[in-house]
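Shown next, in structure tokens, is the structure this report addresses.
The chains referred to below are lettered A, B, ... by the order of the sequence lines, with proteins before strands, and numbering in each begins at 1.
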Amino acid sequence: METRDKNLSITEFLDKDERKDLLRLLTAGSVDDGKSTLIGRLLFDSKRLYEDQLSALERDSKREGHAGEDIDYALLLDGLKAEREQGITIDVAYRYFSTSERKFIIADTPGHEQYTRNMVTGASTSNLAILLVDARHGVITQTKRHTFIASLLGIQHVVVAINKMDLVDYSEQRYNEIVKDYKQFLTGMNIPDVNFIPISALKGDNVVDHSENMDWYHGQPMLEFLETVHVDADRNFDDFRFPVQYVNRPSLDYRGYAGTLASGIVRKGDTIKVQPSGKTSQVTSILGANGEQDYAFPPQAISLTLSNEIDISRGDMIVHPDNMARQERHFEAMLVWMDEQEMKPHRQYYIKHANNTTKIRFDNLRYKVDVNTMDKHEADILHLNEIGRMVLTANKPLMFDPYKKISDTGAFVIIDPVTHNTAAVGMIIDKVSDKDMASRITDVEREKIYRGEALVDPRERELFYNQKGSTIWITGLHGSGKNELAYGLEKQLFDMGATTVLMDGSTVRSGLSRELDHSPADRAEHLRRVAHVCYMLNEQGIITICSFISPDEDIRNQVAEIVGEDRFHMIHMDADLDYCKSNKPEMFEKAINGKINYMPGIDAEYEKPQSPVMTLNPETKNKWIEEVVNYLEKEKIFPLE
Amino acid sequence: MEENYSLSHLRQLEAESIHIIREVAASFENPVMLYSIGKDSSVMVRLAEKAFAPGKVPFPLMHIDSKWKFREMTEFRDRYAKENGWDLIVHYNKEGYEAGVGPFTHGSKVHTDIMKTQALLNGLTKHKFDAAFGGARRDEEKSRAKERIFSFRDQYHQWDPKNQRPELWNIYNTKVHKGESIRVFPLSNWTELDIWQYIRLENIPIVPLYFAKERPVVEYGGALILVDDDRMPDELAKTAKMKKVRFRTLGCYPLTGAVESNADTVEKIVEEMMTTTQSERTTRVIDFDQEASMEQKKREGYF
């Protein structure tokens, strides 16, 4: 509980309390640094603890305490049974206390090497970090790691608490050495405000009151510093960003765009622009938590109404027209891997950013950072607690800013598509220009495709197999007879002595493309992979028989390009929808009932191919295989001679 | 006019809670707000009303009725829901009720398990809710200090302390598989004093039992228990004395101890709180069962 000036009436006290501001802070340090003792003392000395909690504490100390006869402050903090038995804190714990000046939320994070993710978590919501240093050991690797993470997460204020001064005889010289060491290391970090306080958490020196043992220290004690440090100005009030969180349409008369202001100021009457649509409008009202207001600032949760009806949905970004957020699919970010499962580089993950959730790919890990030395190393993937600089591509443009400029529009989380765990978190550095990006078919790939530098002469291969490596691409609606043709053809060609490989949707999707769904973007990626497999097999002289719905002309053209136009032979199974439905009703029923999406013919389009080498329809079903075999013979694909 | 861009701690907490509540409405198909009729629930409900103003809140309230709540609570619940246009679901364990389960006959542990925990889990399963708001605060109890705001539950509604998702900034991972769910605690960062402050500031109606008044109470299991209805055993009920008491928390009347008090306004309650020596949960009989009992209950899905 808190101290209260006895001269205030309860009403005066409450009126004053109500106006207090809030400081969110992070404490980092290991078990031995006395972090829990410091927090325990802040809580205790600010009279936060109730008497019954104290009596429980005395009981616990006798049973499991590590502090001998004294009260073990750390026991106040460790909440969960399992970790109390282990004797270490294993996750971020949030503590609350207040003084007559301010309310405080402490994110208490353990400092062990394997717990980078805990500190990153605590830092993400903190204005200030207290880093504990043991005066006997000075600046150690762990101190550097904590500083780096504070800097990475954009914490503006750091307090280095040089603890256990009682064990170095309250030596000013020792204090100065540590300050000097730390400052040296601090160059290159991005922390504008750094302070040093010599304390003894155990004895209470410079925690609440000035220490009588260190009269050489003229700065503020810890609590006084925390009460007075100015953090309001840390917010960005210049660049207006309002990510729409929820569209509130209770009636025809009200259409409000609700959300939390990320940065900047918005005023009634402002002209605004909506990203990505680019439409403009005027703000007609701002509804805050306590009624109409003339202006709003972060982090207020508000609801805007606009002068004209424009189409705005969750995830859209409202800005001022002369100051827009970046709108890009490609960007670079610092990524911290949070999941036990390491990064799967070719998997599509979900990204959640500024109220948008979409899919994302990792394009290129530029380097990973050794958090102990700050050295950069080459790496392909990130594991738990690793930090790296990554190029990412989202499936649709995101509206963002560099994290340094606006943290709310620069921060994102990555979600595993299978387990739904929070796999990673990121802080955007900036966009990547399109020409730096790998396009779907790279120039290098294209060159390689046309160069074909094999040691075996392709002509020798053809003679060996008595066939020309080619792709027979069978396209058509589900149920149009693709697989009937493909499997029958394979059997026929095998019997005639050809060497073939058959691929169809279900086999490829169960393995090579197993993480992809049927959305247009994933379908494109799926077929791109198939095309590359065809290319490789055809290069080796093999005939590939491919049975895929492949509904988009553009994608089929891309497949043809990858495989090579002269090796690509497309057969169109031209059956009408009614025939297909009666031929294979199960899938269509699912699609009609909405159980599967993007079913060509139902809720996605099937584009008929412009120039197939052959078109087959159900009336001539008995002759399909014969026709194709004749075609292969005529084109001298198989047999060669 | 001079513009001021600073927000008091209370208004920051308010904004954070509104953000959380909106996020759930935007991300889940079928959310529900668990309503205990207590002071924290009253604050949470008010925040939900603010989040969707001027419209109606797009999800229902659900009260798990153990059938042993104080009468004043049920009256308050029905009146509040009606006056404020809430959809109210009242769910109770029918089998338990018909079997006559109650704290006087079955003890607090069995009663709590059947009429509260089981009733809650059945209620959530029955309505297929994929997100459920609760009014718990992190400062209430040690084991809650690490609780997430979005607390993941498996298909059996169970909480696994080792399988919770990291929470960064105000970006909440709302992805769940079918059958899994999230408990959401929008008041996570509020303290008891914040709750009272907000009730005072916003003039939020709360159950009158919070305010001191002459009431008939008996001493039972080391606590002062209100004689609320005739289900209290006669030999106990006849020991009743009138005392000026109030309740710091509200639950099942036989399990909730009163404190002697003169505090009949929010201000006086806060004043009493500031000078008191007992933290609020000690008036809840259920917590005494065993150390870390709250943690155990949470694992089982109670919170």
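Salt-bridge formation is detected for the pair R200(B)/D15(A): a Lys NZ or Arg NE/NH1/NH2 atom is positioned less than 4.0 Å from an Asp or Glu carboxylate oxygen. Ion pairing of R117(A) with E167(B) is absent here, as no side-chain N (NZ or NE/NH1/NH2) approaches a carboxylate O to less than 4.0 Å. Between D416(A) and K175(B) there is no salt bridge, since no side-chain nitrogen of the basic residue lies less than 4.0 Å from a carboxylate oxygen of the acidic one.
For E14(B), the part lying under 4.5 angstrom from a heavy atom of chain A is the side chain only. Using a 4.5 Å cut-off between heavy atoms, R314(A) touches chain B through its side chain atoms alone. Proximity to chain B is absent for every atom of S251(A), based on heavy atoms less than 4.5 angstrom apart. For N4(B), the parts lying near chain A are the backbone and the side chain together; criterion is any non-hydrogen pair under 4.5 Å. With a 4.5 Å cut-off on non-hydrogen atoms, Q164(B) does not touch chain A at all. Residue V266(B) does not touch chain A at all, counting heavy-atom pairs closer than 4.5 Å. With a 4.5 Å cut-off on non-hydrogen atoms, R249(A) does not touch chain B at all. At a 4.5 Å heavy-atom cutoff, the contact between S188(B) and chain A is made by backbone atoms alone. Contacts between V231(A) and chain B at a heavy-atom distance below 4.5 Å are absent for every atom of the residue. For a residue to count as touching a neighbouring chain, one of its non-hydrogen atoms must lie under 4.5 Å from one of that chain's; by this rule Y350(A) touches chain B with the side chain only. For L7(B), the parts sitting under 4.5 Å from any heavy atom of chain A are the backbone and the side chain alike.
In this structure, Y403(A) and W169(B) have perpendicular ring planes: the angle between them is above 60°, well past the 30° mark. Using a 30° and 60° split on the angle between ring planes, H177(B) and H420(A) fall in the parallel class, below 30°.
With chain B as the partner, the residue from L14(A), V425(A), T11(A) showing the most heavy-atom pairs under 4.5 Å is L14(A). Of the listed residues (S6(B), S27(B), G55(B)), the one with the most heavy-atom contacts under 4.5 Å to chain A is S6(B). Ranked by heavy-atom pairs under 4.5 Å with chain A, the list R138(B), K268(B), R148(B), K50(B) is led by R138(B). When each of A107(A), A289(A), S303(A) is checked for heavy-atom pairs under 4.5 Å with chain B, A289(A) comes out on top. Top candidate by heavy-atom pairs under 4.5 Å with chain B, chosen from D408(A), I302(A), T357(A), is I302(A). Ranked by heavy-atom pairs under 4.5 Å with chain B, the first of A354(A), S407(A), A258(A) is A258(A). The most heavy-atom pairs under 4.5 Å with chain A, out of P58(B), S8(B), S17(B), come from S8(B). Considering only heavy-atom pairs separated by less than 4.5 Å from chain A, the leading option among A26(B), A25(B), A51(B), P54(B) is P54(B). Of all the listed residues (V413(A), V247(A), N290(A), L287(A)), the one sharing the greatest number of non-hydrogen pairs under 4.5 Å with chain B is N290(A). Of the residues considered (E16(B), E23(B), E267(B)), E23(B) shows the highest number of contacts with chain A, using heavy-atom pairs under 4.5 Å.
D21(A) and Q12(B) are not linked by any side-chain donor-acceptor pair at a separation below 3.5 angstrom, with hydrogens and angles left out of the test. Counting only N and O atoms by type, the side chains of N189(B) and Y94(A) include no donor and acceptor under 3.5 Å apart.
Here the side chain of N248(A) pairs a donor or acceptor atom with the backbone of A53(B) at under 3.5 angstrom. A distance-only check finds no donor-acceptor pair linking the side chain of H9(B) to the backbone of K103(A) [under 3.5 Å]. Between the side chain of Q245(A) and the backbone N or O of H19(B), at least one donor-acceptor pair lies under 3.5 Å. When atom types are taken as modelled, the side chain of K56(B) and the backbone of P250(A) share no donor-acceptor pair closer than 3.5 angstrom.
More than 12 heavy atoms of other residues, nucleotides or ligands lie within 6.0 Å of CD in E292(A), so this atom counts as buried by the packing criterion.
Side chains of K352(A) and T174(B) form a contact here, defined as non-hydrogen atoms less than 4.5 Å apart.
The distance from the CD1 atom of I415(A) to the CD1 atom of I171(B) is 9.5 Å, given to the nearest 0.5 Å. A distance of 10.5 Å separates OG1 in T422(A) from CZ in F152(B), rounded to the nearest 0.5 Å.
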Steps toward side chain to side chain contact (heavy atoms under 4.5 Å, CB included) verdict (I265(A), Y5(B)): CA-CA 9 Å; I265(A) 313 293; Y5(B) 306 145; 3.5 Å; yes
Audit row: W190(B), Y96(A), side chain to side chain contact (heavy atoms under 4.5 Å, CB included) steps and yes/no: CA-CA 9 Å; W190(B) 296 57; Y96(A) 304 84; over 6 Å; no
Worked check of salt bridge (charged side-chain N to carboxylate O under 4.0 Å, His left out) between E18(A) and R11(B): CA-CA 9 Å; E18(A) 181 197 311; R11(B) 295 301 177 201; 5.8 Å; no
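Heavy-atom minimum distance, P299(A) versus A15(B): O-CB, 3.3 Å. The two residues T419(A) and R165(B) come nearest to each other via the heavy atoms O-NH2, 4.4 Å. Here the closest heavy-atom approach between residue D17(A) and residue Q197(B) is recorded as OD2-NE2, 2.8 Å.
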